[in-house]
Amino acid sequence: MKITRIIKYNLLRLFRLKSGPHQVASGVTIGFIPSWFPTFGLGPILSVGMARFLKANTVSALVGGVLGTFIWPLLFFLNYKVGSLLLDRNTKVDELDEVEYIDAIEHTYTGIVSSHSSGFIFLTGAMCNIVISSIAIYIMVYIMFKTYRVRILNRIR
């Protein structure tokens with residue numbers, strides 16, 4: 001299956017949901033949160049679980065989780081950069097090509113254990129990025145659903 005067809009299919013599923021704009025926007029926002037952490041590919045499953053727990057739309061949470069899965073190197077890079085900016089420390093990651101999944105897992109663990117490590121930089125950046133991205137994603141999806149739902153559905157078909 002081509003990637004454009006998969007995206008189109010998921011967008012159709014998302015915009016055909018019977019839930020209100022708040023439920024859908026909450027689901028996408030909650031679904032995107034695990035993408036900021038190394039979750040061993042379990043991000044979409046965690047997204048659905050979190051959505052059920054918080055009573056958000058599970059289909060939109062799955063879409064948010066899958067969208068974040070494709071861009072994890074960029075998200076991890078942003079975690080390192082924002083964390084080093086906030087804590088005024090240097091980081092070992094200077095370019096997007098230097099982001100490694102295994103290193104992020106190790107840094108996450110050491111960030112929990114020690115506040116003087118690159119893992120603490122990673123976790124600090126992740127927390128800040130989660131807050132900012134959650135607000136932005138919620139507002140964008142809410143406005144799209146509230147105002148442009150019918151137009152987008154007609155254009156996608």
*Which distance, rounded to the nearest 0.5 Å, do you find between the CG of Leu75 and the OG of Ser35?*
6.0 Å

*Return yes if some donor-acceptor pair links the side-chain N/O of Thr69 with the main-chain N/O of Gly65 below 3.5 Å, else return no.*
yes

_Nearest 0.5 Å, please: how far is CG in Leu78 from CG in Leu85?_
11.5 Å

*Pairwise side-chain contact, Asn129 with Asn79, heavy-atom cut-off 4.5 Å (strictly under)*: yes

_Gap separating the CD1 atom of Ile33 from the OG atom of Ser47, nearest 0.5 angstrom_ = 8.5 Å

*Please round to the nearest 0.5 Å and tell me the distance separating atom CG of Leu86 and atom OG1 of Thr124.*
7.5 Å

*Hey, can you tell me if Phe32 and Trp36 have their rings parallel, tilted or perpendicular (30° and 60° cut-offs)?*
perpendicular

*Any chain of hydrophobic side-chain contacts (each under 4.5 Å) joining Val28 to Val66?*
yes

*Using modelled atom types only, decide if a donor and an acceptor are shared between the side chain of Thr147 and the backbone of Met144 within a distance under 3.5 Å.*
no

*Linked, directly or transitively: Met50 and Met127 (ILVMFWY side chains, under 4.5 Å)*: yes

*Any side-chain heavy atom of Leu67 within less than 4.5 Å of one from Val63?*
yes

_Rounded distance (nearest 0.5 Å) linking atom OH of Tyr138 with atom CD1 of Ile30_ = 10.0 Å

_Using the rule that Ile, Leu, Val, Met, Phe, Trp and Tyr join whenever any side-chain heavy atoms are under 4.5 Å apart, tell me whether Ile139 and Val131 fall into a single cluster._
yes

*Tell me whether the centres of the aromatic rings in Phe37 and Phe76 are closer together than 6.0 Å.*
no

*Quick one: OG1 on Thr29 to NE2 on His22, what's the gap to the nearest 0.5 Å?*
9.5 Å

*Is there a side-chain contact between Gln23 and Ser60 (heavy atoms, below 4.5 Å)?*
no

*Treating Ile, Leu, Val, Met, Phe, Trp and Tyr as nodes and any side-chain heavy-atom pair under 4.5 angstrom as an edge, say whether Leu74 and Ile132 lie in one connected cluster.*
no

